[in-house]
> 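Following this message is one structure expressed as structure tokens.
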Amino acid sequence: MDIVEEYLKAGTNKGLYYGGAFQKSFGEQSIVVRNPATSEVFTTVPDAVENDVDAAVFAARAGYEIWSKIDAIDRAQYLRRFADIIAKNIPKLALLETLVTGRSIKEMRAQMARIPEWIEYFAGIAMGLEGESNVVKGGYVTITHYESLGPVALLTPWNHPILILVKKMAAALAAGNTCVIKPSELAPVSPLVLAALATQAGLPNGVVNVVTGGPVTGAALCGAEDIHYIDLTGGTATGRKVAAQAGERLVRSTMELGGKTPIIICEDTDLEGAIAGTLFAAFVASGQTCVSGARFIVHETIYDRFTKDLAARADAITIGDPMADETQMGPVISMASQDRCTRMIAQAKADGAVQISGLEPAILQAPFDKGFFIRPTIFKDVKPHHKLFLEEVFGPVISVTPYKNETEALRLANTGNFGLGVSIWSQDIARAHRLSLGVRGGVVWLNDHHRNDPRSVWGGVRDSGFGKENGWDALKAYMTKKSVIVRTAPGHDDWFAGSTRYG
Ligand code: NAD
């Protein structure tokens, strides 16, 4: 049976995936995966133990011995076949993502449609990777060329299980590495399916491997001796632990971590466009993206009108069955996430902020009455010391704060220690650029939000992490540059017999 269809059936658990096949875990425990729209159990996956991790890394080493020796031009052909198989499966993969994450099917169809681009892009630029040569002082030519690293670990979150994985995997594989993936315990199904599709596309066994499990499995993978790069997308607290482990092992790493994205709305903005764009920024994915527009900073002269119109649009968002075409927003991922949102709402009220949307509770028909739904919730008059202004909610609960001038807008935007996404809305191009120069962040959008492309470099600063996804930076991060220094000067030197040439 078709592997995606098999996993679309509730209860399918074929085990871990490594060495080109599904494998039974050495452990006895499994992890329950729920459909967040109903809270019902969708399936289980193995909770991989250290022996499983070792076996997967061993398979990745065997795969590496083949994959790394294939020329980049030929590797690109394999990767394009992989992209084609994914493209053919987009409708089914969208269903699978929706079942496990609760994200609306409209969103998942749009997101899945772009997945093949990342694989095609990295396959393409890897073919164009050129080394350098320099004629240097003293009769030498220095040649540099790029080498892959070996098996690498990819640790991913649940909010975009396929997109975030493919961003990492495409760069890692195009560079000639093999990977062991540790997907989120909340959404581990589609990564298993992708690994099986990679084998169907003809990628050698051991190139794409998946171990499912939680933090213990992840830590075992990061500690495995034959892992030579660690790429994590996750929360900041996880990033601190994983980066420390990478540092201890002297393994290079990328940390794509949390954020608390400010949105600056200037008085000269196109109000209708800004409301439409920032509604998307705040509530797409039920507010569960690392760059979700979380802190609106709005000029005082348009504050009342902006907050009123934004609240009205937020209250009109249709929530419910994520599989239904008309649904605009699904649930949050888990009961723990729902509780965190509820606590943050109570805290914002206690702090004196004013709730202007999401005042009515979400009333849904069975079985969605058991789902983890939170209505789009907006608080205005949030102060910079409030918890809602400072902490990542990772749900559809946002804050709005007025500002008087650009200095104050930047001070508010730069409050706290995150530095990931920012968006600035103004029709004055000089002002928008000026603000972009003063704001802390790794990705700044002017008059838009959340746009992502394989060529747009992505990554944060400070508590939002380090390292880049997308672009040449991501490909080169997965490689090391080797210098070969060739003597072209005639004869030879004999230092200990009196030669004075040095360096
Ligand atoms: P998480 O930190 O709980 O988990 C991320 C992954 O790390 C999971 O696979 C998890 O099992 C694993 N993990 C957890 N502890 C580990 C440990 N000690 N050692 C090894 N692995 C470990 O994050 P999440 O809840 O899945 O995702 C939400 C977070 O991810 C949010 O903070 C969000 O902002 C962030 N995020 C960042 C980006 C970005 O591009 N910067 C994108 C998406 C999500």
Side-chain angles (χ1 to χ4, degrees), residues 57 60-61 63-79 118-155 166-180 203-204 206-208 222 224-233 242-243 245-256 442 453-461 465-489 502-503:
V57 174
R61 167 53 60 181
Y64 181 74
E65 296 308 320
I66 300 163
W67 186 243
S68 61
K69 294 186 177 68
I70 298 175
D71 185 84
I73 291 180
D74 301 324
R75 247 189 340 245
Q77 280 189 21
Y78 284 95
L79 291 173
W118 264 267
I119 302 179
E120 285 158 7
Y121 168 78
F122 280 108
I125 66 168
M127 287 194 293
L129 190 68
E130 291 171 357
E132 301 128 14
S133 79
N134 288 303
V135 177
V136 300
K137 197 172 170 183
Y140 295 94
V141 175
T142 299
I143 300 164
T144 53
H145 49 87
Y146 289 90
E147 291 183 345
S148 54
L149 304 174
V152 301
L154 310 182
L155 306 159
V166 168
K167 278 163 94 181
K168 297 180 187 308
M169 181 168 62
L173 299 187
N177 307 288
T178 56
C179 60
V180 183
L203 268 67
V207 172
V208 180
C222 295
E225 215 179 302
D226 203 14
I227 285 296
H228 302 282
Y229 195 92
I230 299 174
D231 194 337
L232 166 79
T233 295
V242 173
Q245 205 180 355
E248 181 65 32
R249 294 198 44 225
L250 296 178
V251 167
R252 276 158 50 187
S253 61
T254 289
M255 297 290 140
E256 297 284 354
D453 186 278
R455 290 159 295 188
S456 303
V457 168
W458 181 283
V461 298
F466 51 80
K468 299 293 178 198
E469 284 177 344
N470 297 345
W472 284 94
D473 286 28
L475 182 76
K476 289 181 181 175
Y478 275 106
M479 306 186 102
T480 184
K481 220 174 184 184
K482 182 184 269 179
S483 286
V484 179
I485 299 161
V486 184
R487 180 182 175 117
T488 54
Y502 195 85

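Residue indices begin at 1 and follow the sequence shown. These values consider heavy atoms only, across backbone and side chains, with no hydrogens, waters or symmetry-generated copies. Just so it is clear, the model here is predicted, and its values are computed rather than measured.
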> Donor-acceptor check, side chain of Thr144 to backbone of Gly131, threshold 3.5 angstrom: yes or no?
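A pair under 3.5 Å: no.
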
> Tell me every residue that passes side chain to side chain contact (heavy atoms under 4.5 Å, CB included) with Phe466, counting only those two or more places apart in sequence or in another chain.
Ala243, Ser253, Met255

> Report yes if some heavy atom in the side chain of Ile227 is under 4.5 Å from a heavy atom in the side chain of Arg249; otherwise report no.
yes

> For residues Pro204 and Ile70, report the shortest heavy-atom separation together with the two atoms involved.
CG-CD1, 4.4 Å

> Which atom pair, heavy atoms only, marks the closest approach of Val180 to Ala60?
CG2-CB, 3.7 Å

> Roughly how far, to the nearest 0.5 Å, is the OG1 atom of Thr254 from the CG atom of Leu154?
10.0 Å

> Kindly write out the residues that satisfy side chain to side chain contact (heavy atoms under 4.5 Å, CB included) with Ile485, not counting sequence neighbours, or none if the list is empty.
Tyr140, Thr142

> Tell me every residue that passes side chain to side chain donor-acceptor pair (under 3.5 Å) with Asp453, counting only those two or more places apart in sequence or in another chain.
Arg114, Arg455

> I'd like to check the side chain to side chain contact (heavy atoms under 4.5 Å, CB included) partners of Ala123; sequence neighbours left out, ordered by chain and number.
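In terms of side chain to side chain contact (heavy atoms under 4.5 Å, CB included), with neighbours along the sequence ignored, Ala123 is linked to Ala76, Leu79.
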
> In Å and rounded to the nearest 0.5 Å, what is the NE2 to CZ distance from His228 to Arg252?
12.0 Å

> Of all residues at least two apart in sequence or in a different chain, which pass the salt bridge (charged side-chain N to carboxylate O under 4.0 Å, His left out) check with Glu147?
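Only Lys482 meet the salt bridge (charged side-chain N to carboxylate O under 4.0 Å, His left out) criterion with Glu147.
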
> Could you tell me which residues satisfy salt bridge (charged side-chain N to carboxylate O under 4.0 Å, His left out) with Asp226, sequence neighbours excluded, listed by chain and number?
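Asp226: salt bridge (charged side-chain N to carboxylate O under 4.0 Å, His left out) contacts with Arg61.
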
> If we ignore hydrogens and angles and just use 3.5 Å, is the side chain of Arg487 paired with the main-chain N or O of Gly139 as donor and acceptor?
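A pair under 3.5 Å: no.
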
> Quick test of your reading: applying salt bridge (charged side-chain N to carboxylate O under 4.0 Å, His left out), list the pairs with at least one residue in residues 67-78, sequence neighbours left out, ordered by first then second residue.
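For residues 67-78, and leaving out neighbouring residues, the salt bridge (charged side-chain N to carboxylate O under 4.0 Å, His left out) pairs sorted by first residue read Glu65-Lys69.
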
> List in chain and number order the residues that pass salt bridge (charged side-chain N to carboxylate O under 4.0 Å, His left out) with Glu469, two or more places apart in sequence or in another chain; answer none if no residue qualifies.
Lys167, Lys168

> Going by the rule ring pair (Phe, Tyr, Trp, His ring centres under 6.0 Å), which residues pair with Tyr121 if we only count those two or more places apart in sequence or in a different chain?
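So Tyr121 forms no ring pair (Phe, Tyr, Trp, His ring centres under 6.0 Å) with any residue.
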
> Kindly give the heavy-atom pair with the smallest separation between Ser148 and Thr480, and that separation in Å.
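Answer, listing the atom of Ser148 first, then Thr480: O-CG2, 4.4 Å.
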
> For the residue pair Asn177 / Trp67, report whether a side-chain donor-acceptor contact shorter than 3.5 Å exists.
no

> Ignoring hydrogens, what is the shortest heavy-atom contact between Val152 and Ala172? Give both atom names and the distance.
CG2-CB, 4.0 Å

> Any chance you could measure Tyr78, atom OH, to Leu173, atom CG, to the nearest 0.5 Å?
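Between Tyr78 OH and Leu173 CG, I get 13.0 Å after rounding to 0.5 Å.
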
> Locate the shortest heavy-atom distance separating Ala224 from Val57; write the atom from each residue and the value.
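That closest heavy-atom pairing would be CB-CG2, 3.9 Å.
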
> Listing request: all salt bridge (charged side-chain N to carboxylate O under 4.0 Å, His left out) pairs with a residue in residues 129-146, at least two apart in sequence or in separate chains.
Glu132-Lys481

> Output the distance between atom SG (Cys222) and atom CG (Asp231), rounded to the nearest 0.5 Å.
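CG of Asp231 is found 10.5 Å from SG of Cys222.
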
> Taking ring pair (Phe, Tyr, Trp, His ring centres under 6.0 Å) as the definition, give me every residue that meets it alongside Tyr478, ordered by chain and number, with sequence neighbours left out.
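So Tyr478 forms a ring pair (Phe, Tyr, Trp, His ring centres under 6.0 Å) with Tyr229.
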
> Identify the two heavy atoms, one from Ala174 and one from Leu475, that lie closest to each other, and give their separation to 0.1 Å.
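Shortest heavy-atom separation between Ala174 and Leu475 comes out as CB-CD1, 4.0 Å.
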
> Would you give the length of the straight line joining atom OG1 of Thr233 to atom CG of Leu155, rounded to the nearest 0.5 angstrom?
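Reported value, rounded in 0.5 Å steps: 9.0 Å.
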
> Kindly write out the residues that satisfy side chain to side chain contact (heavy atoms under 4.5 Å, CB included) with Val461, not counting sequence neighbours, or none if the list is empty.
Arg440

